[in-house]
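What follows is a short report on a single structure.
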Amino acid sequence: RIIDGLGTVRYDGQIFIGKAFEAHGGGATSALVVMDAAARRVAVAMRYDEKPLLVVPADAQWPAAAQRELDEWRSLNAR
């Protein structure tokens, strides 16, 4: 799935945090991508239509700097 809507990007040290959503999809598609350059790891959370939220890896394995972002994203995308 390609998300080409609005979003934000920020850095917390060597951690990249990007959020995006489909602009004309009524909020049906949303993603949170975290890349930890130091640990060479990527974490993704995605909401697509009416499917269950996808969070990879499990919440506890996300970088500490991104936990708040994940919690906020999850609260905005819960059904």
Side-chain angles (χ1 to χ4, degrees):
R1 177 78 179 151
I2 296 174
I3 298 176
D4 60 357
L6 302 172
T8 61
V9 171
R10 73 177 185 84
Y11 292 88
D12 187 341
Q14 289 193 331
I15 296 177
F16 163 93
I17 300 171
K19 293 189 240 181
F21 64 93
E22 191 174 26
H24 299 291
T29 302
S30 167
L32 171 63
V33 178
V34 174
M35 292 183 283
D36 185 338
R40 299 184 133 195
R41 296 193 60 162
V42 174
V44 176
M46 185 168 186
R47 174 178 145 201
Y48 178 62
D49 289 330
E50 297 300 319
K51 295 183 168 89
L53 298 181
L54 171 69
V55 179
V56 178
D59 296 21
Q61 296 175 11
W62 279 53
Q67 284 290 328
R68 192 182 88 227
E69 297 284 343
L70 177 59
D71 292 342
E72 179 183 303
W73 181 89
R74 187 184 296 279
S75 71
L76 292 172
N77 286 282
R79 306 232 159 134

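Along the sequence shown, the residues carry numbers beginning at 1.
Legend: salt bridge (Lys or Arg N to Asp or Glu O under 4.0 Å) pairs involving residues 31-46, not counting sequence neighbours: none detected. For residues 63-76, every residue pair satisfying the salt bridge (Lys or Arg N to Asp or Glu O under 4.0 Å) rule, not counting sequence neighbours, is listed here: Arg10-Glu69, Lys19-Glu69, Lys19-Glu72, Asp59-Arg74.
Residues forming a side chain to side chain contact (heavy atoms under 4.5 Å, CB included) with Ala37 (at least two apart in sequence, or on another chain): Gln14. Judged as a side chain to side chain contact (heavy atoms under 4.5 Å, CB included), and not counting sequence neighbours, the contacts of Ala45 are Leu32, Val55, Trp62, Leu70, Trp73.
Residues Ile15 and Ala65 come closest through the heavy atom pair CD1-CB, 3.7 Å.
Tyr11 belongs to a hydrophobic cluster with Val9, Phe16, Val33, Met35, Val42, Val44, counting contacts under 4.5 Å between side-chain heavy atoms of Ile, Leu, Val, Met, Phe, Trp and Tyr, direct or through other members.
Hydrophobic clustering, with ILVMFWY side chains joined whenever heavy atoms are under 4.5 angstrom apart, keeps Leu54 apart from Leu76.
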